[in-house]
Amino acid sequence: MKVHNKLFLTGYSLSLCLALVGCGGGSSSTTVEDTNTSIATILPLSYTADAGRLLGSQCAQCHGTNGVSVNSWDSIAGENDLADEIFDDEPIMTAQAHGYTAEEITLIGNWLKTLSKTED
Amino acid sequence: MKKVNSNSRRDFMKFLGLGSLATVVPTVSSAETIPHVVVVGGGFAGATCAKYLKMWGGSSIDVTVIEANSTYVSPILSNLVLNGQKTTSDLSFTYGSYSSKYGINMVHSTVNAVDKTNQTLTLANGNTVNYDKLVLAPGIDFMKTNDYDISKVPHAWKAGEQTNLLKAQIDAMNDGDTFTMTIPAAPYRCPPGPYERACVVADYLKNTKGHTNSKVVVLDANAKIIVEEETFGAKFSEYGVEYKPSTTVTNVDDTSKTVTYIEAGSSKTLASTVLNVIPNQKAASVIFTAGVNSGNWAPINPLSYESVLASGIYVIGDSQATGQPKAGHIGNSEAKVCADAILRTLSGTALYASPKTNSACYSPTSATEASWLTGVFKYDADTQTMVASNTAAGASSTANYPKMFNWSGNLFADTFA
Ligand SMILES: Cc1cc2nc3c(=O)[nH]c(=O)nc-3n(C[C@H](O)[C@H](O)[C@H](O)COP(=O)(O)OP(=O)(O)OC[C@H]3O[C@@H](n4cnc5c(N)ncnc54)[C@H](O)[C@@H]3O)c2cc1C
């Protein structure tokens, strides 16, 4: 199980940058050193849950996957001042912004800061 | 966690002929132990869920989407096909680059049977597919009052051929002809959608076609305009739309093009050149096949979208029974909460305790104007339901019209690209 956990950790960190590389299991060439071949149970994933990313993924419907807009609406990847920015602009944005607590906006903002502006 | 039937899984991989799966763990006998999540339906909810499962779960998870059609036509913006501002091909999406970009196994067939005990699905193409977790995102079905031909009386509430049929009928109208549409009882797909359609068609007939003697009649099963009442009410007055609330359709005749309905206790029959009956709705059939419905819809836990009736089966999008609107934007939103919840569950992590979802609809009210409606939904731990924490509407304006395409552009890309 140790080996598996390590493998899946790698899988996960790959997934973090997948927006950059266009990811997916399809291109993976990982080989597994398996020592426990007798049972075919589902392996536990190693998944680092991230509340900021989960909440922030809800911005993508209007601002693009991982904050990268495909049109003239703002990209928010790399946004440094979400707490201010989220309340300005469009009435539809303001209406949305009021649906989130200050803590949630901080979580989302911290996640957006980790995203590269140029990612595609 | 359940054991996986390794033979079937191997067979499944063989039938898919997927090199991609094979390369994950080619040499090891426990290759099949990577969790396999199967998503049924590649619409706004299903396509988003599969994408985010792979984006966040990476190569530690196998994801298969089973979708009946190789091309998806978005119902969102499809009223703009009726007035010629868009075509159905503008609103069409295929899954080739989407599935290879994220490493999703794409199967085009219909799921006919769900075996919850053995965790297998039977497809129309004869194959069986095993799953560890199953996500059902199949959209809606219609409850017609009687048997009639939908090529003569189209609903155009699933987009594609139906949309083009209705457009052709509208385009064949002469000045003085009548367009009649019926609005289903809530809940139905896209609350503002029917009112939006009445506006778009009325504007098109009057201002584009110059049919100033034509009439648009709306029979609404609901007691009043259920959303954006001010906006749509004002437009109905401007266009002279004849609006009849609290009307229950009882029969549709595709030969005489008549609709029979009950209004204030008495039965009436109305003939119309074009008849656009949008029937009452329920979850799509696979929800009933899987036995995860209670009444017409599928009750779920909003922290995960897992069925309250069957563990390991999740329901997102229009089929689910929360009070959230049945709409594509929020279907995409639910899908992300569900994807995260599945990954948390597979990794033994607690579910996120206070998920939020959001909804947005831009409604065209003519060929140059649109209004909008938006809302944030939050989990209420006391009632264990999603409640609207913030809703707002924007009046119809020409400024909103181009913004509608910015919104839909990013929504479409976040779902299908
Ligand atoms: C005119 C109109 C305007 C709209 N405007 C908006 C708007 O402005 N904003 C908004 O948010 N929403 C809008 N909507 C609503 C939106 O289109 C739907 O709510 C959305 O499509 C629902 O997504 P879904 O994934 O649940 O279902 P669908 O999009 O219907 O996808 C379900 C998919 O599952 C497949 N499927 C079903 N059963 C099976 C099976 N057994 N096996 C295999 N595949 C199966 C189907 O082929 C389909 O592709 C509008 C709808 C209409 C009609």
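Order of the sequence lines fixes the chain letters, A, B, ..., with proteins taken first and strands second; residue numbering starts at 1 for each chain.
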Kindly compute the distance separating [atom1] ([X]) from [atom2] ([Y]), expressed to the nearest 0.5 Å.
{"X": "A/Ser46", "Y": "B/Leu343", "atom1": "OG", "atom2": "CG", "value": "11.0 Å"}
{"X": "A/Tyr47", "Y": "B/Ile61", "atom1": "OH", "atom2": "CD1", "value": "9.5 Å"}
{"X": "A/Asn71", "Y": "B/Phe412", "atom1": "CG", "atom2": "CZ", "value": "11.5 Å"}
{"X": "A/Gln61", "Y": "B/Ser408", "atom1": "CD", "atom2": "OG", "value": "13.0 Å"}

Given a strict heavy-atom distance threshold of 4.5 Å, which part of [X] is in contact with chain A: side chain, backbone, both, or neither?
{"X": "B/Val63", "value": "neither"}
{"X": "B/Ser333", "value": "both"}
{"X": "B/Ser359", "value": "backbone"}
{"X": "B/Lys51", "value": "side chain"}
{"X": "B/Trp372", "value": "side chain"}
{"X": "B/Phe405", "value": "backbone"}
{"X": "B/Phe44", "value": "neither"}
{"X": "B/Lys336", "value": "both"}

Are the side chains of [Y] and [X] in contact, using a 4.5 Å heavy-atom criterion?
{"X": "A/Leu54", "Y": "B/Trp56", "answer": "yes"}
{"X": "B/Tyr352", "Y": "A/Leu55", "answer": "yes"}
{"X": "A/Cys62", "Y": "B/Leu411", "answer": "no"}
{"X": "A/His63", "Y": "B/Asp414", "answer": "no"}
{"X": "A/Tyr100", "Y": "B/Asn390", "answer": "no"}

Query - Pick from A/Glu104, A/His98, A/Gln96 with the largest number of heavy-atom pairs that fall under 4.5 Å of chain B - result: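 If we count pairs closer than 4.5 Å to chain B, A/Gln96 comes out on top.
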
Query raised in the report: For the side chain of B/Asn410 and the backbone of A/Val70, is there at least one donor-acceptor N/O pair under 3.5 Å apart?
Result: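 Yes; judged by distance alone, with no hydrogens or angles, the pair exists.
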
Requested in this report: Would you check if the side chain of B/Lys356 reaches a backbone N or O of A/Gln58 as a donor-acceptor pair within less than 3.5 Å?
Outcome: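 No, B/Lys356 side chain to A/Gln58 backbone: no donor-acceptor pair under 3.5 Å.
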
Report task. Determine the minimum heavy-atom distance between A/Ala95 and B/Ala392, stating which atoms define it. Result ->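 For A/Ala95 versus B/Ala392, the nearest heavy atoms are CB-CB, 3.5 Å.
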
Query raised in the report: Do you know which of B/Asn332, B/Thr357, B/Thr349, B/Asn358 has the most heavy-atom pairs under 4.5 Å to chain A?
Result: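 Highest number of heavy-atom pairs under 4.5 Å: B/Asn358.
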
Query raised in the report: Of all of B/Thr415, B/Thr391, B/Thr374, which one pairs up most often with chain A through heavy atoms under 4.5 Å apart?
Result: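 Option with the greatest count: B/Thr374.
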
Query raised in the report: Quick one: what part of A/Ile92 sits under 4.5 Å from any heavy atom of chain B, side chain, backbone, both or neither?
Result: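 For A/Ile92, backbone and side chain are both near chain B.
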
